[in-house]
Amino acid sequence: MTANKGRDTEPERRLRSLLYRRGLRYRVNIRPIPDLRRTADLVFQKERVAVFVDGCYWHGCPDHYRPATKRSQFWQDKIQGNIARDADTNRRLREQGWSVVRVWEHEEPNEAAERVMAALGGQ
């Protein structure tokens with residue numbers, strides 16, 4: 001599992017590239033709220049928008065997640081914990097006035113970029 005990247009994945013890099021080419025500037029892999037120990041993949045601090053690019057396996061994509069066959073209970077608990085943490089993160093950020101955009105790794109990058117742009121107010 002050490003070969004699985006936690007940041008700078010290909011879907012993240014594609015989305016960042018599209019947004020950068022559209023003139024948007026952002027912070028990468030930082031905590032939107034300093035006392036919340038969760039990092040967003042892209043953060044637009046002034047606009048208070050946090051973007052997370054979620055992997056289909058690790059975050060339990062309803063379209064692509066396939067349960068593990070070995071150590072299935074461990075992995076089921078792990079993925080369910082990730083889903084619960086994602087929901088908690090969304091709730092906490094929204095309570096603090098942030099907009100949250102969650103992008104699945106399989107999403108078409110241009111469509112994901114449009115969703116981010118919409119969250120930013122159509123810049």
Side-chain angles (χ1 to χ4, degrees):
M1 291 299 169
T2 58
N4 292 318
K5 295 174 77 169
R7 59 182 284 181
D8 298 330
T9 63
E10 189 60 32
E12 286 176 37
R13 290 181 21 232
R14 282 192 307 252
L15 179 60
R16 289 190 329 224
S17 177
L18 284 170
L19 294 173
Y20 191 88
R21 277 188 263 147
R22 293 180 184 195
L24 298 175
R25 301 302 178 256
Y26 43 80
R27 302 283 310 273
V28 177
N29 294 310
I30 66 164
R31 295 178 183 182
I33 302 172
D35 59 341
L36 179 61
R37 212 177 127 223
R38 317 247 168 93
T39 60
D41 297 311
L42 301 173
V43 175
F44 299 87
Q45 285 189 298
K46 186 172 135 186
E47 298 86 354
R48 295 177 71 85
V49 174
V51 180
F52 297 86
V53 181
D54 294 337
C56 290
Y57 180 77
W58 299 106
H59 296 269
C61 173
D63 297 332
H64 298 108
Y65 173 71
R66 299 293 175 261
T69 54
K70 296 186 185 218
R71 298 185 65 205
S72 60
Q73 189 60 50
F74 169 82
W75 287 110
Q76 182 179 356
D77 293 345
K78 169 74 174 157
I79 302 306
Q80 289 304 315
N82 289 348
I83 292 169
R85 187 186 63 241
D86 292 344
D88 180 59
T89 300
N90 293 349
R91 179 186 58 77
R92 288 182 180 204
L93 287 171
R94 288 185 177 123
E95 285 174 354
Q96 296 288 320
W98 285 76
S99 295
V100 177
V101 178
R102 290 225 173 242
V103 176
W104 289 109
E105 70 176 330
H106 67 265
E107 282 187 58
E108 202 282 314
N110 285 307
E111 291 175 15
E114 289 300 322
R115 289 197 309 128
V116 173
M117 298 282 288
L120 292 168
Q123 295 185 7

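In this chain, numbering begins with 1 at the start of the sequence shown.
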- Any side-chain donor paired with an acceptor under 3.5 Å for Ser17 and Arg13? no

Is there a continuous path of hydrophobic side-chain contacts, each under 4.5 Å between heavy atoms, that joins [X] to [Y]?
X      : Y      : result
Trp104 : Val101 : no
Val103 : Leu19  : yes
Leu18  : Met117 : no
Val49  : Val100 : no
Val116 : Val43  : no

Distance (rounded to the nearest 0.5 Å) between [X] [atom1] and [Y] [atom2]:
X      : Y     : atom1 : atom2 : result
Glu95  : Asn90 : CD    : CG    : 11.0 Å
Gln45  : Ile30 : CD    : CD1   : 4.0 Å
Trp98  : Ile33 : CH2   : CD1   : 7.0 Å
Phe52  : Leu93 : CZ    : CG    : 5.5 Å
Trp58  : Ile83 : CH2   : CD1   : 13.0 Å
Asn110 : Arg14 : CG    : CZ    : 10.5 Å

My understanding is that only residues two or more places apart in sequence, or in another chain, count here; which of them pass side chain to side chain donor-acceptor pair (under 3.5 Å) with [X]?
X     : answer
Arg37 : none
Arg92 : Asp88
Ser99 : none

- Note on the structure: Taking every heavy atom of Gly97 against every heavy atom of Arg48, the minimum-distance pair comes out as O-NE, 3.7 Å

- State, yes or no, whether a side-chain contact exists between Leu15 and Asp41 at a heavy-atom distance under 4.5 Å.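 Counting from C-beta outward, Leu15 and Asp41 never come under 4.5 Å.
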
- Side chain proximity check, Glu105 to Tyr57, heavy atoms < 4.5 angstrom: no

- What residues form a salt bridge (Lys or Arg N to Asp or Glu O under 4.0 Å) with Glu108, not counting sequence neighbours? none

Has the side chain of [X] got a donor or acceptor atom that lies under 3.5 Å from a matching backbone atom of [Y]?
X     : Y     : value
Arg27 : Leu42 : no
Asp54 : His59 : no
Gln80 : Gln76 : no

- Which residue pairs pass the salt bridge (charged side-chain N to carboxylate O under 4.0 Å, His left out) test when at least one of the two sits in residues 109-121, sequence neighbours left out? Arg22-Glu114, Glu107-Arg115

- Message: For residues 75-87, which residue pairs pass the salt bridge (charged side-chain N to carboxylate O under 4.0 Å, His left out) check, not counting sequence neighbours?
- Response: Asp86-Arg102

